[in-house]
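A short write-up of the structure that comes next.
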Amino acid sequence: MHDIKYIRENPEVFDAALAKRGGESTAQNLLALDEQIRALKTELQNGQARRNEASKAIGKAKAQGDEEAAKALMAEVAELKSKMPEVEEKEREVSGRLQDILAALPNLPADDVPPGENEDDNVEIDSWGEPRVFDFTAREHSDIGPALGLDFETAAEMSGARFAFLRGQMAKLQRAIGQYMLDQQTIENGYQECAPPLLVRDDAVFGVGQLPKFAEDMFQTTDGRWLIPTAEVSLTNSVREQILDETKLPIRLTALTPCFRSEAGSAGKDTKGLIRQHQFEKVELVTIAHPDHSAQEHERMTKAAESILRALELPYRKMLLCAGDMGAAARKTFDLEVWLPGQNTYREISSISNCGDFQARRMNARFRPEGEEKGTRFVHTLNGSGLAVGRTLVAVLENYQQADGSVIIPSVLLPYMGGIETLEPA
RNA sequence: GGACAGGUGGCAGAGUGGUCGAAUGCAGCGGUCUUGAAAACCGCCGAGGGUGCAAGCUCUCCGUGGGUUCGAAUCCCACCCUGUCCGCCA
């Protein structure tokens, strides 16, 4: 959500920033509405001021027993009130229009975000690890998996496409990955473990910017709630409508939850394997930050996500997303892409975004600055995957596969595997 | 799902038709006192908006949305939420 005051003062900057993401120039439209609203407000408020004044006078006149003066004033108020509803209605209508437009606009990209339209314009800024050299042809996880307990047919029978049924050692490995990540993020990286709701209301989804524009990517329950597409929704909304003490910042939260996505628009993409599922697990990181420190929190959170890949010894590269490839709420995003030898390519496994005050405005999440500064300020919100569990499972299967179809368990996961050191094909 | 009780400022908690944006307490901020701190005392202290160079003036907000009234935190209706008890249930 954008600040109309900011647009009023920086219309060119606003348009230029939106243009970077492919948006059309719109500041003049918004400001025309804004001007109209303010004129209507002033008119309305003058009427209200006079009404209030007269009502007080009526009270006084009645107290003094001056019925005639009271009657005259009441007639004036009645006259005034016959005109006010029209102005009021008009003001509400135009304000609503402006709000709807503002609510649908994406965040402005940060200055250091490269221009560009799609993923081809993303910039690699770092990479880690050497892709392993295989002395056999590396297979995709969807080829290796079935013999190890990754069962797509059974899931399809009961749920349709884009679901998986994990059995035995495969299910255990997924759990091990999730547990390990959660332990890392809580014990090593200082995030507080949370177990949030998976079903949320409209307001919560609007708060992170997923509504009103992206309803078709989510599942909705019969009573109108939404299944979270990511724990970002639940964790970020934990501070909605609050005025926090500055000393509480930053608030670092993490949760291991299932995520549900309908992804109506992605038909035909990644139909094979675990890469794109309607249901998957993810360890999410969220930070509620002081505006002055969100950029450094962004770096810190990215490192927290990277620490998992390094511990698992999975090669990856770090991408700075171009303006056109970012999510609507983000002002700057890093993607971590893990090396998948079976597919011979890097695939996104984590996306870490600084949303600035974009979500905070929508949620009305503020803090009270220390000292003499008056009023409140909006917090900054950040979120990132730390990491997506399903895709990590894919990466482990493909990177640790052996010629005989078995998969070696990365050493950091061994404590979670109950003695299993390799997944053996059935 | 049923019955009852509630939703008021950062928190606690008064307020049942008119000087109420709202007592009081806590927290916070400024000051007096003190070598310093504590205590005590004094003062300030809700959010958002309009207008104005500014001082200021003014509007809206007491869960949300409607309604009654010259005037609503206070009365009426609907909805949402919380608590307690009952029922059901992992």
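All chains are named by letter (A, B, ...) in the order of the sequence lines, taking the proteins before the strands, and each is independently numbered beginning at 1. All of these numbers come straight from a predicted model, not from anything done at the bench.
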Polar side-chain contact Gln242(A)-G10(B) base: donor and acceptor under 3.5 Å:
no
State which of G46(B), G49(B), C70(B) makes the closest approach to the side chain of Ser55(A).
C70(B)
Tell me which nucleotide, if any, is Watson-Crick or G-U wobble paired with C53(B) when both distances must be under 3.5 Å.
none
When all nucleic acid strands are considered with a 4.0 Å heavy-atom cut-off, which category describes Arg8(A): base, sugar-phosphate, or nothing?
sugar-phosphate
Nearest to the side chain of Met74(A) - G48(B), U60(B), C70(B)?
C70(B)
Across the strands shown, which category fits Leu73(A) at heavy-atom distances under 4.0 angstrom: base, sugar-phosphate, nothing?
nothing
Does G46(B) have OP1 or OP2 sitting under 4.0 Å from an N or O in the side chain of Arg368(A)?
no
Determine which nucleotide pairs with C41(B), using a 3.5 Å limit on both distances of a Watson-Crick or G-U wobble pair.
G31(B)
Answer yes or no: does a side-chain N or O of Ser95(A) lie under 4.0 Å from OP1 or OP2 of G49(B)?
no
Does Arg38(A) put a side-chain nitrogen or oxygen below 4.0 Å from OP1 or OP2 of U51(B)?
yes
Pairwise 5' ranking along RNA chain B for Ile243(A) and Asn46(A), keeping only the more 5' one:
Ile243(A)
Touch class at under 4.0 angstrom, heavy-atom based, for Arg50(A) against every strand present:
nothing
With a 4.0 Å cut-off on heavy atoms, is Asn52(A) in touch with a base, just the backbone sugar-phosphate, or nothing at all?
sugar-phosphate
Charged N to carboxylate O under 4.0 angstrom, Arg97(A) versus Glu93(A)?
yes
Which nucleotide in the set G49(B), U51(B), U60(B) lies at the smallest distance from any side-chain heavy atom of Thr42(A)?
U51(B)
Heavy atoms under 4.0 Å, any strand shown: does Arg92(A) hit a base, just sugar-phosphate, or nothing?
sugar-phosphate
For the pair His2(A) and Phe14(A), name the ring-plane relationship: parallel under 30°, tilted 30 to 60°, perpendicular over 60°.
perpendicular
Report the distance from atom CG of Leu44(A) to atom P of G50(B), rounded to the nearest whole Å.
14 Å
Residues passing the side chain to side chain contact (heavy atoms under 4.5 Å, CB included) test with Gln48(A), sequence neighbours excluded, are Leu44(A), Gln45(A), Arg51(A), Met84(A)
Side chain of Arg201(A) (C-beta onward), nearest among C80(B), G49(B), G10(B)
C80(B)
